[in-house]
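Below is one structure, written out as structure tokens; the observations come after it.
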Amino acid sequence: VKCADATITGTFTYTGSSSTCTNASINYNIYVDNWKMKEATASKTDNKAIGNIIAKRYLLGIPVQTVDETITLTCSANGTLS
């Protein structure tokens with residue numbers, strides 16, 4: 001069962017020899033009621049859009065599992081996204 005997902009979106013300026021991330025955002029979906037997103041942040045640095053999420057699973061109101069993930073989208077000097 002898929003509990004949650006997150007997507008990082010980045011906007012890049014590419015000059016032909018270098019790239020710069022100009023904007024970053026993150027969106028997420030929760031599919032299971034006992035999971036809650038505690039943090040979902042996006043940041044940009046140089047040629048990277050970086051998203052971080054922290055999700056927690058609760059049982060009877062008590063957190064029993066934490067998932068902390070970082071997603072990075074990079075635009076290389078030749079314009080390739082990875």
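- Taking CG from D46 and OG from S18, the interatomic distance works out to 10.5 Å, rounded to the nearest 0.5 Å.
- Taking all atoms of both residues into account, the shortest heavy-atom contact from A49 to G10 is CB-CA, 3.9 Å.
- In this structure, the side chain of T11 does not engage the main chain of T22 through any donor-acceptor pair within 3.5 Å.
- Residue pairs meeting the salt bridge (charged side-chain N to carboxylate O under 4.0 Å, His left out) criterion with at least one partner in residues 11-21, sequence neighbours excluded, do not occur; the list is empty.
- For the side-chain contact (heavy atoms from CB on, under 4.5 Å) test, residues two or more places apart in sequence or in another chain that qualify with S82 are T74.
- Residues satisfying the side-chain contact (heavy atoms from CB on, under 4.5 Å) test with T45, not counting sequence neighbours, are K48, I50.
- With sequence neighbours excluded, the residues forming a side-chain contact (heavy atoms from CB on, under 4.5 Å) with T80 are S76, N78, listed by chain and number.
- Side-chain atoms of S19 come within 3.5 Å of backbone atoms of C75 as a donor-acceptor pair (strictly under, hydrogens ignored).
- The cluster map of Ile, Leu, Val, Met, Phe, Trp and Tyr, joined by side-chain heavy atoms under 4.5 Å apart, puts V32 and M37 in the same cluster.
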| task | Start with the C-alpha distance between W35 and K56, add both sets of side-chain angles, then the distance that settles side chain to side chain contact (heavy atoms under 4.5 Å, CB included), and finish with yes or no. | result | CA-CA 6 Å; W35 280 90; K56 293 188 180 238; 5.6 Å; no

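- Atom-to-atom distance recorded for F12:CZ and K44:NZ is 11.0 Å, nearest 0.5 angstrom.
- The minimum heavy-atom distance linking I26 with A6 is given by the pair CD1-CB, 4.4 Å.
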Below 3.5 Å, can you tabulate the donor-acceptor pairs from side chains in residues 63-73 to any protein atom, sequence neighbours excluded?
{"residue": "Q65", "atom": "OE1", "partner": "R57", "partner atom": "NE", "Å": "3.0"}
{"residue": "D68", "atom": "OD1", "partner": "N52", "partner atom": "ND2", "Å": "3.3"}
{"residue": "T70", "atom": "OG1", "partner": "N52", "partner atom": "ND2", "Å": "3.0"}

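- Screening residues 2-23 for salt bridge (charged side-chain N to carboxylate O under 4.0 Å, His left out) gives K2-D5 as the qualifying pairs, with residues at least two apart or on separate chains.
- Hydrophobic cluster membership is shared by I30 and I8, with clusters built from Ile, Leu, Val, Met, Phe, Trp and Tyr side chains linked at under 4.5 angstrom.
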